[in-house]
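Report on the structure given below.
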Amino acid sequence: MIPDRGEIILPSNNLTQQVEMEGEVALVIGKRGKNIKEEDALDYVFGCTIFNDVTARDLTKKDPQFTRGKGFDTFGPLGPCLVTGIDPTNLRIVTTLNGKVVQDGNTNQMSLSIPFLISWVSQIMTLEPGDVLATGSPAGSCPMKSGDIVSVEVEKIGKLCNYVF
């Protein structure tokens with residue numbers, strides 16, 4: 001995981017040839033929870049930040065699970081700040097690549113609602129204070145290459161900007 005203004009270092013071409021990004025809202029959990037009901041789910045959110053879900057898409061398509069495709073060093077930029085007291089279920093997300101809009105959506109358009117996601121994850125594992133849940137993207141992903149500048153802007157939170165090398 002890297003911060004705002006950090007450098008996304010692309011893996012060598014012999015490992016992957018299709019690295020993509022998706023702008024997302026990330027939730028920081030504020031209190032311990034297990035088997036959380038959907039109607040109570042937002043009570044467990046301490047705050048929200050921005051996440052750039054960098055993925056080696058060719059690897060996630062061929063590997064039996066996503067660890068390698070999402071686990072390279074510098075994948076998963078997060079930040080630049082943590083904002084409390086906002087409703088994450090209705091936030092506009094705009095992602096740009098070299099200044100051109102490549103994603104423009106809202107968290108209310110996601111196939112899985114944020115309360116459902118929190119509830120579902122809490123059925124599998126106990127959520128602990130400080131856990132970070134990436135919520136997914138309301139719009140598709142976009143390929144990137146060395147030399148690109150990626151920005152993810154989420155209303156009421158700010159802008160996460162990273163350089164690709």
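Since we're looking at a predicted model, the values are computed, not measured.
Hydrophobic clustering (ILVMFWY, side-chain heavy atoms < 4.5 Å, transitive): Val19 and Phe165 are in distinct clusters. No chain of hydrophobic side-chain contacts below 4.5 Å, direct or via other Ile, Leu, Val, Met, Phe, Trp or Tyr residues, connects Val28 to Val121. When the side chains of ILVMFWY residues are joined at heavy-atom separations under 4.5 Å, either directly or via intervening members, Met125 and Leu112 end up in a single hydrophobic cluster. Criterion: ILVMFWY side-chain heavy atoms under 4.5 Å apart, direct or through other members. Under it, Val83 and Ile118 are part of a common hydrophobic cluster. The cluster map of Ile, Leu, Val, Met, Phe, Trp and Tyr, joined by side-chain heavy atoms under 4.5 Å apart, puts Leu78 and Leu127 in different clusters.
Remark: the backbone N or O of Gly6 is paired with a side-chain donor or acceptor of Asn162 at under 3.5 angstrom. Side-chain atoms of Thr107 come within 3.5 Å of backbone atoms of Leu91 as a donor-acceptor pair (strictly under, hydrogens ignored).
A salt bridge is absent between Asp87 and Lys156; no separation between the charged side-chain nitrogens and carboxylate oxygens falls under 4.0 Å.
In this pair, Phe75 and Phe72 present their aromatic rings tilted. The plane angle is within the 30 to 60° band.
Asp73 has its side chain out of reach of Ile9: every pair of non-hydrogen atoms, C-beta onward, lies at least 4.5 Å apart. Taking the side chain as every heavy atom from C-beta outward, Asn106 and Gln109 approach each other to under 4.5 Å. Proximity of Thr89 to Asn108: side-chain heavy atoms (C-beta onward) are nowhere separated by under 4.5 Å. A 4.5 Å side-chain heavy-atom check between Met21 and Val102 finds at least one atom pair inside the cut-off. By the 4.5 Å heavy-atom criterion applied to side chains, Leu27 and Ile114 are counted as neighbours. Put simply, the side chain of Pro77 does not reach to within 4.5 Å of the side chain of Asp4, judged on heavy atoms. Looking at heavy atoms from C-beta onward, Cys142 lies out of side-chain contact with Glu20 at the 4.5 angstrom threshold.
Donor-acceptor pairing under 3.5 Å is lacking for the side chains of Asn35 and Ser122. Side chains of Lys70 and Thr55: a donor on one and an acceptor on the other come within 3.5 Å. Asp148 and Ser146 form no side-chain donor-acceptor contact under 3.5 Å, judged by distance and modelled atom types alone.
Rounding to the nearest 0.5 Å places CE of Met110 at 11.5 Å from CZ of Phe116. The structure places CD1 of Ile50 at 11.0 Å from SG of Cys161, a figure rounded to the nearest 0.5 Å. Note that the CE atom of Met144 and the CG atom of Asn52 stand 6.0 Å from one another [nearest 0.5 Å]. Separation of atoms OG1 (Thr74) and CD1 (Ile8) is listed at 6.5 Å; rounding is to 0.5 Å. Atom CG of Leu59 is separated from atom CG of Leu15 by 7.5 Å, given to the nearest 0.5 angstrom. Here Asp104 contributes atom CG and Thr95 contributes atom OG1; the two are 8.5 Å apart, rounded to the nearest 0.5 Å.
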**OP:** Could you go through the side chain to side chain contact (heavy atoms under 4.5 Å, CB included) check for Val94 and Val101 one step at a time?
**Re:** CA-CA 7 Å; Val94 177; Val101 174; 4.1 Å; yes

**OP:** Under the side chain to side chain contact (heavy atoms under 4.5 Å, CB included) rule, what do Lys62 and Arg57 come out as? Steps first, then yes or no, please.
**Re:** CA-CA 9 Å; Lys62 71 179 183 180; Arg57 188 71 60 208; over 6 Å; no

**OP:** Kindly determine whether Ile93 and Glu24 satisfy side chain to side chain contact (heavy atoms under 4.5 Å, CB included), including the steps that lead there.
**Re:** CA-CA 7 Å; Ile93 303 171; Glu24 303 182 9; 5.5 Å; no

**OP:** Mind running salt bridge (Lys or Arg N to Asp or Glu O under 4.0 Å) on Asp43 and Lys31 for me, showing each step along the way?
**Re:** CA-CA 8 Å; Asp43 296 338; Lys31 64 181 181 179; 5.4 Å; no

**OP:** Take Trp120 and Glu38 through the test side chain to side chain contact (heavy atoms under 4.5 Å, CB included) and record every step on the way to the result.
**Re:** CA-CA 8 Å; Trp120 184 77; Glu38 265 187 79; over 6 Å; no

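The minimum heavy-atom distance between Gly23 and Val152, with the atom names listed, is CA-CG1, 3.5 Å. The two residues Ala56 and Thr16 make their nearest non-hydrogen contact at CB-OG1, 3.4 Å. Ala26 and Phe51 get closest at one heavy-atom pair: CB-CB, 3.9 Å. Taking both residues in full, the closest heavy atoms of Cys48 and Val25 are given as CB-CG1, 4.2 Å, listed atom of the first, atom of the second, then distance.
For Thr126, the side-chain contact (heavy atoms from CB on, under 4.5 Å) test picks out Arg32, Lys34, Glu128, with sequence neighbours left out. Residues forming a side-chain contact (heavy atoms from CB on, under 4.5 Å) with Thr84 (at least two apart in sequence, or on another chain): Phe46.
Residue pairs that meet the side chain to side chain donor-acceptor pair (under 3.5 Å) test with at least one member in residues 129-138, sequence neighbours left out, are Gln103-Ser137.
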